[in-house]
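Counting from 1, the numbers follow the sequence of the chain as shown.
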Amino acid sequence: MGSTSEFSRRDLIKRAAAIGLISVPSIGVLSACASGDSGDDGNKADKGKKTAKNPLAVNDSAPLDVVIFDGGLGDQYAKDAEALYKRAFPKASIKHTPTQKIQTTLQPRFNGGTPPDLIDNSGAEQMDMGTLVGKRQLADFNALLDAPSIDDPGKTVRDTLRPGVAEMGKFDGDETWVLYYAYTVYGVWYSKTNLDKLDAAYPETWDDMLALCAKAKKKGIAGWTYPGKYPYYLPFSLYPFIAKIGGVEVLDNIDNLEPNAWKHPAVKAAFEAYYELFKRGYILQGTPGLTHIESQTAWNEGKALFIPNGSWVENESKKTTPKNFEMTVSAPSGLDSSDKLPFGTLWASGSEPYIVPKAAKNAQGGMELMRIMLGKQASQNFIKQVSSLTSLNGGTEGLSLPPGLRSAQAAAAKAGKNIVNPRLQDWYVALQKEKIGVSALGEMMAGRMTPDETIKKIQKFTDDTRKDDSVKKYKHR
């Protein structure tokens with residue numbers, strides 16, 4: 001799931017998006033990729049000599065072309081990694097393009113068969129990775145994953161990754177089409193300082209959550225805010241809440257587009273709980289019209305206690321965060337004692353999806369840059385710059401972590417095996433963002449639809465997607 005100028009990436013959102021269906025309503029289907037396999041092998045750079053220091057056989061003089069999403073994480077971390085690449089291959093030139101408009105920037109290049117060698121595919125204009133995979137537009141990362149790691153030649157890159165990260169890049173076979181660079185902890189974010197002012201602890205049950213929101217309201221403080229213009233942030237806490245209530249299989253069935261998956265009692269219970277926040281007036285006034293930056297600023301200013309977000313928020317909102325804020329993340333509150341999973345269940349997963357186009361001229365170079373980025377030096381540089389973890393397992397030794405990132409690490413450790421990883425945002429971007437997020441959850445939380453109406457609408461969106469033969473389908477294995 002970094003964040004985005006409109007969709008705090010990642011994360012989350014984390015948690016994906018594409019050369020097919022795009023997540024923004026104003027952008028349609030890319031004609032380029034509808035034709036499937038493209039690219040002229042004659043335009044590709046010759047491979048270099050494979051050695052212990054060059055296990056991917058990079059051509060040391062081939063130009064490298066990189067496009068980076070310049071959102072909440074910025075792009076300096078990528079520039080710094082490119083400097084390490086340049087040190088290893090001094091004869092290579094590097095073209096670095098930062099942008100917040102991935103699809104707009106890359107559509108002409110995919111159309112023309114000249115895509116870059118490495119893409120950070122994030123943001124509101126993220127390309128639909130399910131479509132990219134279905135149209136065979138991407139290169140397989142398995143060669144990189146099976147190569148020796150930068151820091152320890154005795155370990156492969158795959159061996160050094162956090163659990164589940166490599167598996168996230170698989171869609172319908174053994175190939176790994178996407179490699180997630182960041183590691184995001186999603187949940188309910190708050191200021192420990194502001195809770196202390198209310199003589200309150202984070203509520204572990206929904207009754208306690210409502211009671212705390214009532215207490216805050218008496219002091220003129222809202223319980224919650226969220227990016228009302230981009231309500232696909234709500235699932236960052238809502239989806240693990242559903243899993244806690246009903247079990248992981250509820251989310252798996254939703255990801256699998258199963259008939260009536262959204263009609264599960266756990267979904268209804270979670271939706272009704274969140275709707276209660278609206279009905280009782282516990283949501284910051286004006287929230288439906290706020291961007292992610294505006295909602296985070298209001299939260300930093302103490303106008304609301306809680307906000308659903310990903311661990312990129314610490315970096316993205318640092319300009320408005322008070323020094324004594326003590327930014328903290330927690331797993332969602334539980335519903336009651338009948339919940340299937342314990343308190344601490346949360347969503348954490350690889351985020352910041354990187355891809356190498358199949359038609360890239362220097363695919364080996366793009367993958368080598370990723371190998372460098374997944375080394376300890378580049379990973380620690382990323383952590384220090386943007387207050388976010390990478391997919392390198394560990395890598396924080398000797399670093400002084402800021403409060404939010406410290407709490408994210410602690411929350412993930414507390415969750416243990418109870419970490420969930422919904423895949424809708426990777427497999428069906430348009431469904432997740434614009435349909436479920438904007439057209440359903442956004443309407444419910446603004447009070448314009450009831451939970452029952454919202455569930456009915458989302459189930460229809462899901463059914464329509466399942467029946468659409470033009471959409472490649474994926475399932476948990």
Side-chain angles (χ1 to χ4, degrees), residues 1-3 9-11 14 53 55-56 64 66 68-89 94 96 98 118 120 122 141 144-145 147-166 168 179-186 310-318 321 327-329 348-354 366-413:
M1 110 200 279
S3 89
R9 220 182 325 227
R10 265 155 224 340
D11 225 287
K14 50 125 225 8
K53 290 188 176 181
L56 296 174
L64 182 67
V66 182
I68 298 293
F69 173 72
D70 187 10
L73 299 180
D75 69 324
Q76 185 59 47
Y77 74 92
K79 289 181 180 178
D80 293 343
E82 289 162 12
L84 297 177
Y85 182 98
K86 183 72 173 174
R87 188 183 305 168
F89 306 103
I94 300 175
H96 175 98
L118 184 65
D120 173 13
S122 292
F141 272 113
L144 164 64
L145 293 172
S149 67
I150 285 286
D151 300 313
D152 182 356
K155 291 184 178 180
T156 65
V157 172
R158 191 188 306 274
D159 293 336
T160 68
L161 299 182
R162 295 179 185 274
V165 169
M168 281 184 68
L179 189 52
Y180 294 82
Y181 184 58
Y183 189 79
T184 295
V185 175
Y186 303 94
S311 46
W312 64 83
V313 66
E314 187 165 32
N315 183 65
E316 188 171 62
S317 66
K318 63 184 178 183
T321 304
M327 190 176 291
T328 309
V329 63
S349 65
S351 59
E352 212 61 23
Y354 273 77
M367 292 194 184
E368 176 64 17
L369 179 56
M370 283 302 300
R371 193 171 80 100
I372 290 170
M373 289 171 64
L374 287 166
K376 188 173 181 179
Q377 181 178 351
S379 288
Q380 290 203 339
N381 183 57
F382 176 87
I383 293 167
K384 287 186 288 187
Q385 282 188 21
V386 304
S387 300
S388 181
L389 300 171
T390 72
S391 290
L392 178 68
N393 199 0
T396 60
E397 300 85 357
L399 296 181
S400 177
L401 302 181
L405 190 55
R406 257 197 330 270
S407 77
Q409 270 200 317

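A donor-acceptor contact shorter than 3.5 Å is absent between the side chain of Q380 and the backbone of L399. At least one donor-acceptor pair closer than 3.5 Å links the side chain of Y181 to the backbone N or O of M373. In this structure a side-chain-to-backbone donor-acceptor pair under 3.5 Å is missing from S391 to G350. Here the side chain of R162 pairs a donor or acceptor atom with the backbone of T390 at under 3.5 angstrom. The backbone N or O of K376 sits less than 3.5 Å from a side-chain atom of D151, completing a donor-acceptor pair. Not a single donor-acceptor pair under 3.5 Å links the side chain of T156 to the backbone N or O of S149. With hydrogens and angles ignored, the 3.5 Å screen pairs no side-chain donor or acceptor of S387 with any backbone N or O of L405. Here the side chain of E397 pairs a donor or acceptor atom with the backbone of G395 at under 3.5 angstrom.
Remark: K86 NZ to L369 CG distance equals 13.0 Å, nearest 0.5 Å. Rounded to the nearest 0.5 Å, atoms CD1 (I150) and NZ (K53) are 11.0 Å apart. Going from atom CG of D75 over to atom CG of D120 covers 9.5 Å, rounded to the nearest 0.5 Å. Annotation: the span from N381 atom CG to D80 atom CG amounts to 4.5 Å, rounded to 0.5 Å. Atom-to-atom distance recorded for Q76:CD and H96:NE2 is 8.0 Å, nearest 0.5 angstrom. Here M367 contributes atom CE and L118 contributes atom CG; the two are 9.0 Å apart, rounded to the nearest 0.5 Å.
The shortest heavy-atom contact between L144 and M370 is CD2-CB, 3.7 Å. Shown here for G310 and T184, the closest heavy-atom pair between the two residues is CA-CG2, 3.9 Å. Considering all non-hydrogen atoms of both residues, S407 and V329 come closest at OG-N, 3.1 Å. L64 approaches G366 most closely through the heavy-atom pair CD1-N, 3.5 Å. Shortest non-hydrogen contact noted between A408 and V185 is O-CG2, 3.6 Å. Contact between S317 and V313 at its shortest, heavy atoms only, is OG-O, 2.7 Å.
Between E368 and R371, at least one side-chain N (NZ, or NE/NH1/NH2) sits under 4.0 Å from a carboxylate O, which counts as a salt bridge.
Contact of the L401 side chain with the I383 side chain is registered, since non-hydrogen atoms from C-beta on lie closer than 4.5 Å. Counting heavy atoms from C-beta outward, L161 and L179 have side chains that approach closer than 4.5 Å. Side-chain contact check for E314 versus S388: every heavy-atom pair is 4.5 Å or farther apart. Counting heavy atoms from C-beta outward, Y183 and L392 have side chains that stay 4.5 Å or more apart.
Here salt bridge (charged side-chain N to carboxylate O under 4.0 Å, His left out) pairs that include residues 386-396, with residues two or more places apart or in two chains, number zero.
Applying the side-chain hydrogen bond (donor to acceptor under 3.5 Å, both in side chains) test to K384 and every residue at least two apart in sequence or in another chain returns nothing.
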